[in-house]
Each structure stands twice: as structure tokens, then as C-alpha cells.
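Notes follow the structure.
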Protein chains: 2
Amino acid sequence: MVSLTPRAERLLKALIEQYIADGLPVGSRTLVKQAGLEFSPATVRNIMSDLEELGLIRSPHTSAGRVPTERGYRFFVNTLLAVKPLNTEDVASLEDRFLADQDPQQLIESVSGLLSQVTRLAGVVRVPRRAGAGFLQLDFLRLSASRVLVILVTQDGQVMNRVIHPKRPYSPAELQQAANVFNSAYAGRSLEEVRRSLVAALQRDSEDMQNILRSAVEMAHQVFAGEERGESPLYVSGESNLFAFPELSDTEKLRRLFDAFTAKQDLLHLLDQSMVSQGVQIFIGAESGYEALESCSVVTAPYEVDGQIVGTVGVIGPKRMSYDRVISIVDVTARLLSGALSHGQPS
Amino acid sequence: MVSLTPRAERLLKALIEQYIADGLPVGSRTLVKQAGLEFSPATVRNIMSDLEELGLIRSPHTSAGRVPTERGYRFFVNTLLAVKPLNTEDVASLEDRFLADQDPQQLIESVSGLLSQVTRLAGVVRVPRRAGAGFLQLDFLRLSASRVLVILVTQDGQVMNRVIHPKRPYSPAELQQAANVFNSAYAGRSLEEVRRSLVAALQRDSEDMQNILRSAVEMAHQVFAGEERGESPLYVSGESNLFAFPELSDTEKLRRLFDAFTAKQDLLHLLDQSMVSQGVQIFIGAESGYEALESCSVVTAPYEVDGQIVGTVGVIGPKRMSYDRVISIVDVTARLLSGALSHGQPS
DNA sequence: CCTGGCACTCGGAAAGCGGGAGTGCTAAGA
DNA sequence: TCTTAGCACTCCCGCTTTCCGAGTGCCAGG
């Protein structure tokens, strides 16, 4: 990576902070005044020129000030940024928000709203892939002759359900029996294991399989199929906060961005990506690799249940965002969420 | 209501259709050419002048063409619009979309996406208030010493669940027993009845109540409380389609609109309002009574389960929308949805 | 009552015009 | 060698001006 003189670093830092604050290209004169530098605008211009050669800043046009490039932001967050820990009352106010909801599913959902409110940007939450969770219980409930409700419960209290239409009617007793067989066979295994086992069972010659169990397997398989093809476990909140930023007000960009929010595909990939490593991750502009996000930055942090990373929380905003604040908030939120999910309830 | 000469009606109809088509104020000359009228621009101007006095159209400024006012649109949809029934292949393609999903809950959710796709506007769906549905079964599942998962199933196959934290630990056997008592007491009653009965039971002196049943009641009550305060049963899709309309591209309006989409409160009220009467309803601009929707029109139709209105589907777009097309689509969709929900599965 | 004609109005695009902010360069001073 | 003041230059931005054309309202003749 590039190395800069201390002075140049100081200058770059001041410039980026200024630009983050008001979004206007910043020139040498204003920079000197604003940052209280002890050297003259001319000197600043020289240094700026160097920074521009290094690709850290650029001028939008000949006679405007400079704005940070993506490389500039990257350098800024990598080496210039002192992430100030959130002051205690901020942390406390965040903590308060975590006590309100007890249901883990709801809690997780609410976090995206929480993030968007305190950062005034868009908040996202990637909820755990259920396939990894432990299987607890399966229930078959007869709704009518042709419709059976399958309810699948995981050990962490998540519930999936699905109405299926079996090929022949079953009596409640049969259904009960099927569920029992199923539950005793798979109790405590992970959903992924259950799934693999099911696939194997279905491929095996099943002539000698009891009809009822076979149905149970088929039903459960349908549940997994439904899981598989989507209901994408991703929540986005506060999208409309992004209207406030003039650099995003180009209608076409906005449309792309909102399409990405609803399509969710790209966001999912991005958040999954950030699940592999621990701690806060930052994607600046094109770094995310998705066109729709190219004028945005994304700050993410994975959260855990009992030491195991299961999902990601994050914030999406313009590249010009208060990284220090956002980073702390995302970090603390991920920690708090991990805590809230790991040990039952506080009281 | 105002009455117009046949010629004026024809003119107004042509004008509005033209304006709907391209969104430009339409002048006398273009109107004559476009609509193939057999009288001259001057005559058209005279008639337009009359229409303007009646408040059906207006000029944005002295020398632009005319655009419809809200009254104009209203008159248009009330008396000028011949809702052409959808041609059969369109209906068929809609029907196809209803076969894919079988789970009623999922089906209902998917309809908003369907509507937004075929109209290229925003689709909304108000899902049934679950309180009216019939109670089928309650289950208590022990997740840990301090956490119990409550699962409540209605007769139409909807599942609600919630994790609660009882004051003292219960054994699986106790939970099972509690569920049994509860289920035999309330099987088949409507949720509303169950709820009322619960409240009464809780108020009654409960000293002599078995501790376990009391807990069951409390748990179930918590489930209802969760139901009560929200999880607003409303789906919106295709919001980003609205970016395409220049008349909505004012950032401030857009922000308001999207805030309304996420707050949902106003939309809920509006859709509830349209549940009271049968058939398609149309709210043009300020008619909806909500500021955020003042440059939009909303077309809604209630849907039923077994003859009973339970929810509403609808479309939100600019006032300048193809009412005939949208009305048919919303109408057919509501009917198809009613059909799909009323009798099990087709095959 | 319709229609062609005509003067008029007004918005919007293009063009012109400072002013100002900011730059790069140069030359002098530390 | 580095800093700084000075200066010419550039180019955006906001302002006005101009011009064009679409559209109107009105009038007078069919």
C-alpha cells in the first residue's frame, strides 16, 4: 500500500472528513481554514496534487475542489480512521432496544429497523440459514381431506410451515404416527443432515418402505424444497432514508438500488461473503462488485449464536458516510444481537 | 353529477386516453389528429374551454395543452370508461400464476408481486385479519428451561408462533397436558371467541385454576397480544416500478410515498376501507385522504374465502394509469384469489 | 354553430455573460 | 530544498436574453 508523509495523511483525513460532512468538493483555501492547518493554501495545493497522482482524490472538474476517490476512502478507513467507541449512553440506548422483543425471529427482524433508525441510512439483516439449525420436531396437521399442514420446528425456536397436498388422504392417526416415526429418527440432528438423509431415503428403493413413512419423508422433503427455493431470509429497512442524499438522487441509480433491495439476490451474496470472516467489514463503492451498489458503501458485521456465526447485520449508505459512527454502531449491534441470541432471556 | 354533450364526452375521453398514454399536456391540434375527430381544432378549443369551466381539465399554464383534473379522471372512470374484460389468454396467464403456490399464506403474499409485474405498478395485498379465522390447534414446545415455543394453527392453515418466557419452568409432560386441555376446550371456535373467553378466564378469580392451565391461558394470551400490536398484515411489491413515471420523480413526493409504503399505516386504513364494499374501488389522488398518495391512484378489490370478504388486493400507480387495464387485472386477480382460497386445490 | 385566421402568451431550449472559486505555475524567500 | 505569495487561467454556476413553437382566445365570415 502507499505510504504518505504524516502531513499528507493529516491533510487527506481532514479533506475526507470535510467532504463527508457537507458533500461539497473541498478546495485548498477552505481546507486550511476549516482544519486550522498551519501551512498555506499553496502548500496544500502541492500536497493535494501528490494525493491526486496517487489516486486518492480527484477533481470533478478543473476548477472545483477535490473529492475522495474510492481508493481514498479505502485508505481512510484502513489507516486514518480512529474508530471511537460509542459513548456509553449510546450503547445503553441501543441495549434498551434489545429488551423489547424476546422472540428471536422477531428480534432479528427488528434489528434492521433499529440500524436504519440510528444511522439514518438503510439497515439490512441476513437471518440465519435455517438449514444449519438443529431439527427439533415435525408435525403433521390435517386441514382437510386433501390438505395437510406440515410444521417444522428447529431447536432455536424457528418455525417453518407449509401446506402440502398428499396423493391420498390420511387419517389423523396415520399422520400422528408418521410424525412420531420421523421425529424419533431425526431428533436433534441438524437440518442439513436431515435433508441429506431424506434425499438418500428417497433415492433408495422404497418398495418395502411403509407407505405412511414414505409420505412423511415426501412431505418433509417438500418443506425443504420450499426452504430451498427462497423466501430469501433478508430484511431491509429504512430505504427511504437514502432519498436524503443528493449524490443518490439520480433517478436511474435510485431505481437500480431499490431493485437490488427487492431482488435481494446481490445483497444476499454480499452479506454471505461477509459471513466468512469475523468483525466489521466495509465495502466501498465498486468493491462490493455489484453495479447497483457502486455509489454506495456497505458496512457489515456477522453475529453469532453460541460462538457460531449465523448471520450478518449491516448498513447501506452513500460512500460519503460517517464511517467511524456507522462502524461502531454496526459493531455494537452485532455484538448485542449475538448476546441476545446466545443466552435465553436476560431477566 | 355534470352532464355533457355526447361530443364533449367523446372529446374528454380521447383527451384523457391520450394523456394517459404519453403524459404530455394535449392540445387541440394534436387531439384532432390523434383521435381522428371530424371537427376542427377551433371547435375543440371551444369545447375544451367548457370542460375547463366544469373543472374536468385544466392547463398547466397559458399556452400548454390540457391535462385532466381529479374530477376529470373521476368522471372518466365513472361514466366514460368501458372496462374491457381481459382477453382469455391474459386471464389464462394469470391463472397459471395461481397454480404454482399452494400454501395459502404464500399464495396471498405472492399476489402483490404478481400484480406489480403485470401492471408494472406497485401491487399491494391486505392479508386476512387472523382473529376471524377458526382455531384449530395450539402446541407448546419446550426449547429450553426458560423458553417455550407456542404454535397456533388456524383452520385455514395459517400458523402463528411466538417464543414466551414462562415464570417457572415446565416439563414437556406438563406442556403437553396444558395443550390438550386448551385444545379440547377451544377446538373449532373462532379466534375472536377464544380471545374473549381467554380474557374472561384471566379476569375470573383463578385461585382454583390449575396452575398449568393458567399458564396455558397466559401463553396463548401472549400470542394474541403479539398478534394485536402489529406485524402488519400487508404486502407491497414493485415499488420501484413507480420510478419510471416522471410525474412522481420529485424526490420529496417519492420519499413521502415510500415512507407510506414502509409505515403501512395509511395503506392499511385505505385497504380496510375498501373491504366494506364489494367489487373494484378506485381512489383518485386526494380521494384517498392521505397526503402521501395525493399524486397517485389506488385501485382495489376485496377477495373472499367461502363467501366472506377477508382481505383486499390492489394496485398503486400515478393518477395517469390505464384504468381499464388495471381495473380488469385487479378484478380478475381478486376473483382468482378468492377461488384459489375457497376450495382446496384444483387437481 | 362551425371554422379559418390572427394576435398573443408563455414555457423551454439555446446562447451569452459575469463572478467566483479553485487550480497550476513561477519566482522569491527561509 | 521546501514553503509561500502572486498571478494568469479555467471552468462551473447562476443569471439574463433571445428565440422558437405550441397552444390559446377571440373574431369575423361561411
Side-chain angles (χ1 to χ4, degrees), chain A residues 3-12 14-19 21-69 72 246-247 249-250, chain B residues 3-12 14-19 21-69 72 246-247 249-250:
Chain A
S3 83
L4 262 43
T5 70
R7 215 172 46 167
E9 286 194 354
R10 224 179 107 207
L11 198 71
L12 180 60
L15 186 149
I16 295 186
E17 280 166 356
Q18 176 65 22
Y19 183 71
D22 60 10
L24 268 31
V26 18
S28 53
R29 213 178 305 256
T30 48
L31 190 52
V32 166
K33 255 190 298 182
Q34 194 278 336
L37 302 179
E38 67 280 10
F39 32 84
S40 78
T43 313
V44 170
R45 284 202 287 278
N46 288 330
I47 306 174
M48 277 177 154
S49 194
D50 298 343
L51 292 174
E52 184 152 26
E53 266 176 34
L54 290 171
L56 297 171
I57 58 177
R58 65 186 181 84
S59 337
H61 54 81
T62 323
S63 164
R66 308 302 221 286
V67 301
T69 61
E247 56 259 57
S249 69
D250 168 28
Chain B
S3 84
L4 263 42
T5 70
R7 216 175 41 170
E9 286 194 353
R10 224 179 106 207
L11 197 71
L12 180 61
L15 186 149
I16 294 186
E17 279 166 353
Q18 177 66 23
Y19 182 70
D22 60 10
L24 268 32
V26 20
S28 52
R29 213 178 306 253
T30 47
L31 190 52
V32 166
K33 256 191 296 184
Q34 193 278 336
L37 302 180
E38 66 280 10
F39 31 85
S40 79
T43 313
V44 169
R45 285 202 286 278
N46 289 330
I47 307 175
M48 276 178 157
S49 194
D50 299 342
L51 292 174
E52 185 152 27
E53 269 176 33
L54 290 172
L56 297 171
I57 57 178
R58 65 186 181 82
S59 339
H61 54 82
T62 323
S63 164
R66 307 302 220 289
V67 302
T69 62
E247 57 261 58
S249 67
D250 168 28

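Treat the numbers as computed from the prediction; the structure is a model and nothing was measured. Below, read A as the first sequence line, B as the second, and so on, with proteins coming before strands; counting in each chain starts at 1.
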- Task: Using the closest heavy atom to pick a nucleotide of DNA chain C for each, name whichever of B/T43 or B/T62 lands nearer the 5' end.
- Result: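 That would be B/T43.
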
Between protein and nucleic acid, restricted to nucleotides 14-18 of chain D and to nitrogen or oxygen atoms under 3.5 Å apart, what atom pairs and distances do you find?
none

- Check whether any side-chain nitrogen or oxygen of B/S28 sits under 4.0 Å from OP1 or OP2 of D/dT24, and answer yes or no.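 The answer is yes; a side-chain N or O of B/S28 sits under 4.0 Å from OP1 or OP2.
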
- Message: When you measure from the side-chain N and O atoms of B/S40 to the phosphate of C/dT3, is any distance below 4.0 Å, counting only OP1 and OP2?
- Response: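 Looking at the OP1 and OP2 atoms of C/dT3, one of them is under 4.0 Å from a side-chain N or O of B/S40.
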
- Item | All pairs passing salt bridge (charged side-chain N to carboxylate O under 4.0 Å, His left out) where residues 32-44 of chain B contributes a residue, at least two apart |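 Listed by first then second residue: B/R10-B/E38.
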
- Kindly state each residue pair satisfying salt bridge (charged side-chain N to carboxylate O under 4.0 Å, His left out) with at least one member in residues 45-59 of chain B, sequence neighbours excluded.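 As it turns out, the salt bridge (charged side-chain N to carboxylate O under 4.0 Å, His left out) pairs with a partner in residues 45-59 of chain B, which skip direct neighbours, are B/E52-B/R66.
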
Just jot down the side-chain contact (heavy atoms from CB on, under 4.5 Å) partners of [X], sequence neighbours excluded, or say none.
X: A/V32; value: A/P41, A/V44
X: B/S63; value: none
X: A/P60; value: A/P25, A/A64, A/V67

- Task: Would you give a per-nucleotide map of nucleotides 24-30 of chain C, 5' to 3', where B means the base has a protein non-hydrogen atom under 4.0 Å away, S means only the sugar-phosphate does, and - means neither?
- Result: B------

- Give a yes or no answer on whether the side chain of A/T69 reaches the backbone of A/G72 with a donor-acceptor pair at less than 3.5 Å.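 Yes; at least one donor-acceptor contact below 3.5 Å.
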
In whole Å, I'd like the distance from the [atom1] atom of [X] to the [atom2] atom of [N].
X: B/M48; N: D/dG23; atom1: CE; atom2: P; value: 9 Å
X: B/L37; N: C/dC2; atom1: CG; atom2: C1'; value: 14 Å
X: A/L11; N: D/dT3; atom1: CG; atom2: C1'; value: 14 Å
X: B/L24; N: C/dG11; atom1: CG; atom2: P; value: 16 Å
X: B/H61; N: C/dG12; atom1: NE2; atom2: P; value: 5 Å
X: A/L31; N: C/dT23; atom1: CG; atom2: P; value: 9 Å
X: A/E53; N: C/dT23; atom1: CD; atom2: P; value: 15 Å
X: B/F39; N: D/dG30; atom1: CZ; atom2: P; value: 23 Å

- Identify the two heavy atoms, one from B/P68 and one from B/I16, that lie closest to each other, and give their separation to 0.1 Å.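 For B/P68 and B/I16, the tightest heavy-atom pair comes out as CG-CG1, 3.8 Å.
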
- Query: What's the shortest heavy-atom distance between A/M48 and A/V26, and which atoms?
  - Reply: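 Smallest interatomic distance, heavy atoms only, reads CE-O, 3.7 Å.
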
- Message: Please enumerate all residues that pass side-chain hydrogen bond (donor to acceptor under 3.5 Å, both in side chains) together with A/Q34, with sequence neighbours excluded.
- Response: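 side-chain hydrogen bond (donor to acceptor under 3.5 Å, both in side chains) check on A/Q34 returns A/Q18.
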
- Message: Test of understanding: with side-chain hydrogen bond (donor to acceptor under 3.5 Å, both in side chains), list the residues that count as partners of A/S40, not counting sequence neighbours.
- Response: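 A/S40 satisfies side-chain hydrogen bond (donor to acceptor under 3.5 Å, both in side chains) with A/T43 once adjacent residues are dropped.
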
- Message: Run the side-chain contact (heavy atoms from CB on, under 4.5 Å) test on A/L51 and A/L15 for me, step by step, so that the C-alpha distance in whole Å, both residues' side-chain angles and the decisive distance to 0.1 Å come before the verdict.
- Response: CA-CA 11 Å; A/L51 292 174; A/L15 186 149; 5.7 Å; no

Using a cutoff of under 3.5 Å, can you pull out all pairs of nitrogen or oxygen atoms linking the protein to nucleotides 14-21 of chain C, with atom names and distances?
unit_1	atom_1	unit_2	atom_2	d
C/dA21	N3	A/S63	OG	2.8

